[in-house]
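Below is one structure; the comments refer to it alone.
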2 protein chains.
Amino acid sequence: MKDQSTEENILKAAISVFQKKGMAGARMQEIADEAKINKAMLHYYYKSKQKLFEAVFRQAFEKFAPHINQVFNSDKTVFEKITEFTDSYISFVMENPYLPNFLIQEINNNPEFSDLFFGSEIAPNPARFKKQIAQEIEMGIIKPIDPKQLLLNLFSLTAFSFVGTGLVRGILDLDEKTFKSMMQERKILIPELLINSIKK
Amino acid sequence: MKDQSTEENILKAAISVFQKKGMAGARMQEIADEAKINKAMLHYYYKSKQKLFEAVFRQAFEKFAPHINQVFNSDKTVFEKITEFTDSYISFVMENPYLPNFLIQEINNNPEFSDLFFGSEIAPNPARFKKQIAQEIEMGIIKPIDPKQLLLNLFSLTAFSFVGTGLVRGILDLDEKTFKSMMQERKILIPELLINSIKK
DNA sequence: ACATTTATTAACCATTTGGTTAAACTATTT
DNA sequence: AAATAGTTTAACCAAATGGTTAATAAATGT
């Protein structure tokens, strides 16, 4: 661990606390403790809890969006996109286990303010992907399918295990080791499942 | 709306508030307001916020568990189970949109106390389903597959859209009407996808 | 009708929590 | 070295929040 500026330490601590506990459950004092600074510093650098939360939300969204954009805006084939997204997304989330849940939860709670992000530069835009699907159908590479349903399947299969970890592990009675090895297996299983279902 | 006992009104209001805002975000005063009673009544009938929350959690779990148990413990074939679960679960969640998210969120936050439920009578137990899969593989009805991965696929495909509604709708740019009609479509698409992937 | 238990309320209380302030301490500039 | 600007802290504050209490009202039993 390198020494960092106080402001960076605060954001780091805020990310950790907000992602685990959410806006409502997070405590400014806990963030200060984790950053090992006086609580007043939080307000010195970030004005209010809301502002600090927004900085954390933005950071999370910016880390997450590129994975979606890789699917939406790259020049790969649909098959390649499915394979590569699954692999890179599962790896990414295993390193950032609280991130998808955090995004989902806070977007559900603050639809009004998260709209800002969906209108922004960085926000994923599915238009190009839709065209690609239409083309590959035309070319006879894949069956006629609804691109939105395909994306929903892809996101569901990759993300749900992590968002609902506790429930999933409870229902299927999985220890952590088994869960992790299943997630590795899914890097293969998911593309197989999806590609088989759409290839002609 | 029928007249109900105060205790029932409180639980109903608590369900509504807790499921939307979670334990941390819920306010006792808001629950009292929604139940149109004095805040002291909450403690008169339910002792503390924690106890009231537990009643809400239990109710949610008891409403949710039968859907899983229908898959785990009925005498249907695997194909029938997939088809019927998808249909009934999507219908159920469209009527109770906050429930899956609430369960997931609170189980992630309180792993220790939600363990109580996974050890209980009502809790789903995958053992019988595992046997059934082994049998149907033996009988040559389905390909050799890991029952846990099949269940994970089924739960992911059905539940994720609802758990991550806000994020999904933001990324895919869906209005409410489109979202709902896609969910209806999924009652057909999901069984098709899963059954095709396992049938011999 | 009276007594007793049950239900309900308004007012209150202690703690928690986000946020402020004034003073001190540490660079940086001149 | 003095002045200035930036950083950090302890102490404090007001509002929100979960919870209690004592008095009252309504129902129930005798």
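In what follows, every heavy atom counts, from backbone to side chain, and hydrogens, waters and symmetry copies are set aside. So you know, we letter chains A, B, ... as the sequences are listed, proteins then strands, and number each from 1.
- A/Tyr45 comes within contact range of the sugar-phosphate backbone alone, with a heavy-atom separation under 4.0 Å but no base atom that close.
- Distance CD (B/Gln29) to P (C/dA10): 11 Å, rounded to an integer number of Å.
- Between B/Phe155 and A/Phe160, the ring centre distance reaches or exceeds 6.0 Å.
- Comparing C/dT17, D/dT9, C/dA7 by their closest approach to the side chain of A/Arg27 singles out C/dT17.
- Heavy-atom contacts from other residues, nucleotides or ligands closer than 6.0 Å to CD of B/Glu95 number 12 or fewer.
- Atom-to-atom, NZ of A/Lys49 to P of C/dG19 comes out at 8 Å; the value is rounded to the nearest Å.
- A/Tyr44 has its OH atom 13 Å from the P atom of D/dA5, to the nearest Å.
- Checking D/dG19, C/dA10, D/dT9 against every side-chain atom of B/Ala40, the shortest atom distance belongs to C/dA10.
- Each of C/dG19, D/dT8, C/dT8 was ranked by its minimum atom distance to the side chain of A/Thr6; first place goes to D/dT8.
- Put simply, CD1 on B/Ile10 is 8 Å from P on C/dT8, counting in whole angstrom units.
- The environment of CG in A/Leu116 is crowded: more than 12 heavy-atom neighbours from other residues, nucleotides or ligands sit within 6.0 Å.
- Taking atom CE of residue B/Met41 and atom P of nucleotide C/dA7, one finds them 7 Å apart after rounding to whole Å.
- Judged by atom type and distance alone, A/Lys39 reaches the base of C/dG18 through a side-chain donor-acceptor pair under 3.5 Å.
- The residues A/Lys12 and A/Glu8 are annotated as not salt-bridged, no charged nitrogen and carboxylate oxygen being separated by less than 4.0 angstrom.
- Distance B/Glu30 CD to D/dA16 P: 14 Å, rounded to the nearest Å.
- With D/dT9, D/dT20, C/dA10 as the candidates, the nucleotide lying closest to the side chain of B/His43 is D/dT20.
- One interatomic measurement links the two molecules: CG of A/Asn38 to P of C/dT20, which rounds to 14 Å at whole-angstrom precision.
- Residues B/Phe64 and B/Leu99 have side chains in contact (heavy-atom distance under 4.5 Å, counting atoms from C-beta outward).
- Nucleic acid contact for A/Ala32: none, since no nucleic acid atom lies under 4.0 Å from a heavy atom of the residue.
- Here the C1' atom of nucleotide C/dT8 and the NZ atom of B/Lys36 are 17 Å apart, to the nearest Å.
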